[in-house]
There are 2 protein chains.
Amino acid sequence: MTVATKPRKEQIEHVATDLFKSKGYAATSMRDIAAAVGIEAASIYSHINSKEQILTGICFRMARAFMTGIEEVMQTNTSIDEKFKMAVMRHVDVITSDIAASAVFWNEWRHLSEPMHSEFVTLQRKYELSFRSLIEQGVEEGVFEVSNISFVVMAMLSSLNGIQKWHSYTLPPEELNEAFANIFLKGLKK
Amino acid sequence: MTVATKPRKEQIEHVATDLFKSKGYAATSMRDIAAAVGIEAASIYSHINSKEQILTGICFRMARAFMTGIEEVMQTNTSIDEKFKMAVMRHVDVITSDIAASAVFWNEWRHLSEPMHSEFVTLQRKYELSFRSLIEQGVEEGVFEVSNISFVVMAMLSSLNGIQKWHSYTLPPEELNEAFANIFLKGLKK
DNA sequence: TTTATTTGCTAACAAACGTTAGGTTGCTTA
DNA sequence: TAAGCAACCTAACGTTTGTTAGCAAATAAA
């Protein structure tokens, strides 16, 4: 190992994440990953237990990041539209901090097998519900006006998570943050 | 063939579309498709030439539908915000008219091989440019106010195309149409 | 009735898949 | 110096993949 090289395990996970993003999980072989790292496929198993373990790692690490973000926001003591704005910004932060992992998190989780699959879906639901309750609170306080909350939550999350598909050709993270937070706030305001 | 059954070729394509949506193209085998139709894998080849041909068919049929929609809108002679609203509604129409095919169109096109892959990307670009020029026109006329057009186009299309992920638990198409058209118009208006 | 055509079958193919076994090398610690 | 361990290798495994060949039955056209 030469100067300041990442541990092999991390390197494998990193390379795998990129490949899962660009080719998809099912279409990425262990031999693809190995070639990108510069070793043989069988050698990967000195560092990880299975292909799916890599996917599981990525999906749940990102899920945790998203959940932590919104939980922290919900515990703060500020106005509802400030809270909402913060939640959006935190979501954007998590995505831009690791675009490839976000893409995998968003597009490849269906390849998780049980019981991970169910567990993941539960986490995802929980996250959506948090967003939903934020908007509901805004509506109760008379700050937001929304005809169909489910619709708004889903449209918003789709829009946010779409970042990973086109992020290459746009704004720096801080501007992205502001742009999203403002667009949605404007759309919700009474 | 009993009363009013679909031709086998269409049936295969229909079943394949559903499977491509739920499992992904790469993770769907010809044997999966065959089993869902109720025949043997080899029998599929009496009706289609290859697995990829099915994907190609779906992707380009949907691409054509989207392009036709926006081209017709752009040729009409109405105000810019009416045009924009129509474009959004047509897009939603195309998606809701075949959710499974839309999901495949949006998520699985990367598995097309050359030269189809390049051709598809070109079409996609063209579609985005049409939306972009609609917004640009609105800005020039002083009807819309937008800080970063690329951002808005991408955020909007991501949001629209996200429909296929959550469509099960919401609005009927007509309401969906209106909801989207209004949300975006509200967000763009000066 | 004969002839084509369509639609399906079984059997098999070569290639690619995730993964395991078992061995070699070289560094680290006792 | 010896022992232990981490990181890599080659070879191979059993399975699954998309697809082809060749044949049988049913249906439609002559």
Side-chain angles (χ1 to χ4, degrees), chain A residues 1-59 104 108-117, chain B residues 1-59 104 108-117:
Chain A
M1 191 162 99
T2 54
V3 213
T5 312
K6 265 192 186 169
R8 261 287 138 88
K9 189 176 179 183
E10 287 177 34
Q11 195 189 348
I12 289 167
E13 284 166 349
H14 182 252
V15 159
T17 304
D18 281 350
L19 285 170
F20 289 171
K21 180 194 168 163
S22 56
K23 306 182 64 170
Y25 175 77
T28 301
S29 71
M30 293 304 267
R31 285 162 181 85
D32 289 336
I33 300 171
V37 171
I39 59 178
E40 289 298 316
S43 306
I44 293 183
Y45 290 85
S46 297
H47 304 94
I48 61 126
N49 297 325
S50 69
K51 186 186 173 189
E52 196 178 331
Q53 183 195 266
I54 304 180
L55 181 63
T56 307
I58 299 167
C59 287
V104 174
E108 309 298 330
W109 59 268
R110 60 177 157 189
H111 297 110
L112 293 170
S113 56
E114 295 298 346
M116 296 307 190
H117 188 274
Chain B
M1 192 161 96
T2 53
V3 212
T5 313
K6 266 190 185 172
R8 262 286 139 89
K9 188 176 178 180
E10 288 176 36
Q11 195 189 346
I12 290 168
E13 285 166 347
H14 181 253
V15 159
T17 305
D18 281 350
L19 286 170
F20 289 172
K21 179 191 169 166
S22 56
K23 307 182 60 169
Y25 175 77
T28 302
S29 72
M30 293 303 268
R31 284 162 181 87
D32 289 336
I33 299 171
V37 171
I39 58 179
E40 290 297 316
S43 306
I44 293 183
Y45 291 86
S46 295
H47 304 94
I48 60 126
N49 297 325
S50 68
K51 186 186 173 188
E52 195 178 333
Q53 185 195 266
I54 305 179
L55 181 64
T56 308
I58 299 167
C59 287
V104 175
E108 309 298 329
W109 59 269
R110 60 177 158 187
H111 296 110
L112 293 170
S113 57
E114 296 297 346
M116 297 305 190
H117 187 274

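Hydrogens, waters and symmetry mates are skipped; everything else that's a heavy atom, side chains included, is used. Here is the naming used below: chain letters follow the sequence lines, and residue numbers restart at 1 for every chain. The structure presented is a predicted model; accordingly, all values stated were derived computationally and were not measured.
Nucleic acid contact class of S29(A) (heavy atoms, under 4.0 Å, all strands): sugar-phosphate only.
Residues T17(B) and F20(B) have side chains not in contact (no heavy-atom distance under 4.5 Å, counting atoms from C-beta outward). Side-chain contact between S113(A) and E52(A): present, with at least one pair of heavy atoms (C-beta onward) separated by less than 4.5 Å.
The CG-P distance, from N49(B) to dG18(D), rounds to 16 Å in whole Å. For the pair I44(A) CD1 and dA7(D) P, the computed distance is 14 Å after rounding to whole Å. To the nearest angstrom, P of dG8(C) lies 14 Å from CE of M30(B). What separates CD1 of I39(A) from C1' of dT19(C) is a distance of 14 Å, to the nearest Å. When the P atom of dA7(D) is taken as reference, atom CD1 of I12(A) falls 9 Å away, rounded to whole Å. What separates NE2 of H47(B) from P of dT5(C) is a distance of 16 Å, to the nearest Å. In this structure, E40(A) atom CD and dA12(D) atom P are separated by 15 Å, rounded to whole Å. The interatomic distance linking K51(A) (NZ) with dT16(D) (P) rounds to 15 Å, in whole Å.
Judged by closest nucleotide on DNA chain D, R31(A) is the one of D32(B) and R31(A) placed further toward the 5' end. Comparing A42(A) and A27(A) by the nucleotide of DNA chain C that holds the closest heavy atom to each, the one mapping nearer the 5' end is A27(A).
One finds no side-chain N or O of R8(A) lying less than 4.0 angstrom from the OP1 or OP2 phosphate oxygen of dA6(D). Between S46(B) and the phosphate of dG8(C), there is no side-chain N or O to OP1/OP2 separation shorter than 4.0 Å.
For the pair K51(A) and Y45(A), the cation-pi criterion (under 6.0 Å, within 45° of the ring axis) is not fulfilled.
Formation of a donor-acceptor pair under 3.5 Å by the S43(A) side chain with backbone atoms of I39(A) is not found in this model.
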